[in-house]
Amino acid sequence: MRIILGVGGGIAAYKSASLLRLFKEAGHDVTVMPTDAAEKFVGRATWEALSGNPVSNSVFDDVESVNHVRLGQEADLVVVCPATADLLARAAAGLAGDLLTNTLLVATAPVVFVPAMHTEMWQHPATVANVATLRSRGSTVMDPAVGRLTGKDTGPGRLPEPAEIYAFITSGLADGTLKQRPTAASGSAASLATQQGTSAVSAPDAAASGFAPDAAEVVSNVPAAEPGPLAGKRVLITAGGTREPLDPVRFLGNRSSGKQGVALARAAAAAGAEVELIAAHLEVAIPDGIKSSTVETALDLREATLEAAARADVVIMAAAVADFRPSEVTDSKIKKRDDDEDPVITLVRNPDILVEIVQQRGAAGTPLIIGFAAETGDDRGDVLDYARSKLERKGCDLLVLNRVGRDLVFGQDDTEITVLARSGAEPQTHRGSKDSAAAAVIKRIVAELSG
Ligand code: CTP
């Protein structure tokens with residue numbers, strides 16, 4: 001396979017050398033494209049020695065070979081590692097000031113960005129929007145790992161270990177979740193521009209590089225995208241935590257960030273599904289291009305989910321639904337008064353939405369229903385025992401067990417899941433980023449649908 005390894009200017013650039021070695025040991029032909037800033041961290045000689053290929057970051061080197069176009073066209077895979085905030089922004093804006101960003105505009109092969117930056121930069125709305133843009137255009141952006149950063153700080157933003165990146169990429173290529181860029185046939189900018197008789201390559205590219213290919217050239221080199229394994233399937237996903245109001249300013253909630261549900265929505269869309277996301281409270285942005293609606297309470301979620309489940313082929317209940325809600329919601333704020341007794345909150349049970357979807361399902365057995373279970377285990381039972389009995393009780397087809405505890409907690413980017421099947425198939429465990437866990441769940445769903 002011909003791989004382009006783009007390297008951004010961050011301290012994690014040195015880890016990219018290990019990723020390069022993994023690709024080389026697997027027999028791939030790797031061309032490294034460091035940005036100018038990346039060369040301040042790792043020198044060109046290292047990349048050339050490890051890859052066995054010449055290294056450049058300029059569109060003005062080796063001009064006669066038209067490298068700024070050829071390398072992207074010939075690539076079977078483009079990996080950008082580390083992807084800095086600056087590089088993500090330039091890629092999202094479609095700028096083409098160096099060889100790597102030119103290549104990103106030309107390549108139709110799967111593109112994987114592996115971000116690494118400080119937590120504040122990763123969580124900045126500009127970066128969040130850039131990541132969403134890149135994902136909506138068919139690129140894969142891995143979630144960064146959580147851990148020690150360059151300084152004394154820790155948090156999300158750390159580059160995942162090279163072996164994990166390698167495993168994420170190989171499993172994504174194997175199961176089709178890493179896909180080619182949507183092309184002319186699917187309404188990309190290039191096809192739209194061509195239909196309208198204008199240039200597909202916009203001003204910034206041409207201005208920055210002076211070598212921008214014209215629209216016809218881009219379109220003629222675009223192979224038709226393969227339909228994903230979930231093409232034609234309607235996948236309904238619920239995500240996030242419900243909020244149960246007490247009064248106009250207070251609610252009972254939970255720690256769900258919605259990251260796993262959103263990662264599932266992305267993975268299902270990448271597999272070609274028509275995705276509908278019903279979002280309770282989320283701490284992450286909904287990816288562009290995904291049909292979504294928002295709800296607040298378990299009762300709202302129930303109504304929206306039962307209605308949408310009736311037209312779905314697959315329902316994934318990743319939402320953290322409050323089991324109880326306050327029996328009374330006051331119209332005005334509950335005040336503390338010295339003369340009064342402290343208030344007592346009485347709770348009533350919420351309906352179990354997952355059980356109701358199972359009950360509502362037709363004789364044909366559709367939709368396929370996937371439940372989630374966050375379990376810790378205790379002295380009365382092991383996590384797997386609890387999950388097995390939950391699977392029985394709820395009656396869904398698959399149950400994704402999330403081990404909570406041992407620093408695998410809500411809101412983290414890394415997770416450990418075990419997928420249990422009602423058919424009795426051997427449980428499968430996966431540990432890694434929420435994106436890679438989502439890919440594993442989607443792969444299992446594809447297998448289940450194909451019998
Ligand atoms: N769920 C649901 N409706 C509820 C509670 C949970 O649809 N009222 C769904 C969740 O979306 C998840 C699955 O059921 O897919 C399991 O959720 P969990 O909270 O682990 O299960 P509970 O039924 O609350 O079981 P327990 O509290 O006994 O662990």
Side-chain angles (χ1 to χ4, degrees), residues 235-245 251-265 268 276-282 294-310 312 314-327 347-361 367-405 408-410 415-422 427 434 437-438 441-442 444-445 448:
V235 177
L236 172 67
I237 301 172
T238 66
T242 64
R243 291 179 159 186
E244 311 299 320
F251 59 84
L252 297 181
N254 60 62
R255 290 186 194 280
S256 171
S257 64
K259 278 183 184 164
Q260 187 63 77
V262 168
L264 280 159
E276 183 170 350
L277 180 71
I278 302 181
H281 175 72
L282 298 180
T294 50
V295 294
E296 173 98 1
T297 66
L299 292 180
D300 297 342
L301 179 65
R302 171 181 179 271
E303 192 183 331
T305 305
L306 289 179
E307 195 253 320
V314 178
V315 178
I316 307 178
M317 277 297 297
V321 189
D323 288 326
F324 303 97
R325 67 180 184 277
S327 58
L347 300 175
V348 291
R349 199 174 270 241
N350 273 327
D352 192 315
I353 305 167
L354 182 54
V355 167
E356 287 192 50
I357 307 168
V358 172
Q359 285 165 353
Q360 156 179 300
R361 153 161 85 177
L368 184 82
I369 302 171
I370 294 92
F372 270 70
E375 301 285 354
T376 55
D378 57 27
D379 50 7
R380 284 186 299 169
D382 155 66
V383 273
L384 264 183
D385 297 337
Y386 280 134
R388 277 200 195 94
S389 66
K390 193 168 281 182
L391 178 64
E392 267 315 300
R393 206 169 63 240
K394 303 256 184 181
C396 49
D397 302 292
L398 297 175
L399 187 88
V400 181
L401 162 66
N402 239 302
R403 284 163 205 266
V404 186
L408 297 163
V409 291
F410 291 105
T415 188
E416 181 178 308
I417 58 161
T418 300
V419 183
L420 290 89
R422 213 151 59 90
K434 288 188 173 169
V441 172
I442 295 298
R444 186 59 205 272
I445 289 171
E448 205 73 19

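Since the model is a prediction, treat every value here as computed from it, not as a measurement. Indexing begins at 1, ligand by ligand and atom by atom, following the structure's order.
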Check your understanding: Around Glu392, counting heavy atoms of other residues, nucleotides and ligands shown, do more than 12 lie under 6.0 Å from its CD?
Key ->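 No, not enclosed.
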
Review point. Does atom CD of Gln360 have more than 12 heavy-atom neighbours, drawn from other residues, nucleotides or ligands, at distances under 6.0 Å?
Key: yes

Taking distance alone, with N or O pairs closer than 3.5 Å, would you say [X] contacts ligand 1?
X	answer
Pro351	yes
Ile353	yes
Leu354	yes
Met317	yes
Val321	no

Can you sort out which atoms of ligand 1 are near [X], meaning under 4.0 Å from one of its heavy atoms?
X	result
Gly371	15 (O)
Ala319	10 (C), 11 (O)
Ala373	20 (O)

**Study point:** Test item: Asn350 side-chain N/O and Val321 main-chain N/O as donor-acceptor pair under 3.5 Å
**Key:** no

Point to revise | Whether Thr305 side chain and Arg302 backbone form a donor-acceptor pair below 3.5 Å | key: no

Exercise for review: Please write down residue, atom name and distance for the protein heavy atom closest to atom 5 (C) of ligand 1.
Suggested key: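 Answer, as residue, atom name and distance: Asp323 OD1, 3.3 Å.
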
Check your understanding: Identify the closest protein heavy atom to atom 12 (C) of ligand 1: which residue and atom is it, and at what distance?
Key -> Phe372 O, 3.0 Å

Side chain proximity check, [X] to [Y], heavy atoms < 4.5 angstrom:
X	Y	value
Glu244	Phe251	no
Cys396	Leu391	yes
Glu375	Lys390	yes
Ile370	Leu264	no
Val348	Arg325	yes

Review point. Closer than 4.0 angstrom: is that true for some heavy atom of Glu356 and an atom of ligand 1?
Key: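 The answer is no, since Glu356 has no heavy atom less than 4.0 Å from ligand 1.
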
Check your understanding: Out of curiosity, is Ala298 lining ligand 1, as in a heavy atom under 4.0 Å away?
Key -> no

Practice item. Give the single entry among Arg325, Lys394, Arg393 that approaches atom 1 (N) of ligand 1 most closely by any heavy atom. Key: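 Going through Arg325, Lys394, Arg393 one by one, Lys394 has the nearest heavy atom to atom 1 (N) of ligand 1.
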
Point to revise | Nearest option to atom 25 (O) of ligand 1, as decided by whichever heavy atom of Arg349, Glu375, Lys390 sits closest | key: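 Looking at heavy atoms only, Lys390 sits closest to atom 25 (O) of ligand 1.
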
Exercise for review: Measure Arg302 to ligand 1 on non-hydrogen atoms and call it side chain, backbone, both or neither using the 4.0 Å cut-off.
Suggested key: neither

Check your understanding: Given that the side chain starts at C-beta and the backbone is N, CA, C, O, which of these parts of Ala318 lies under 4.0 Å from ligand 1, counting heavy atoms, or is it both or neither?
Key ->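 Neither; no heavy atom under 4.0 Å.
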
**Study point:** Ion pair Arg393/Asp352, N-O distance below 4.0 Å
**Key:**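 No.
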
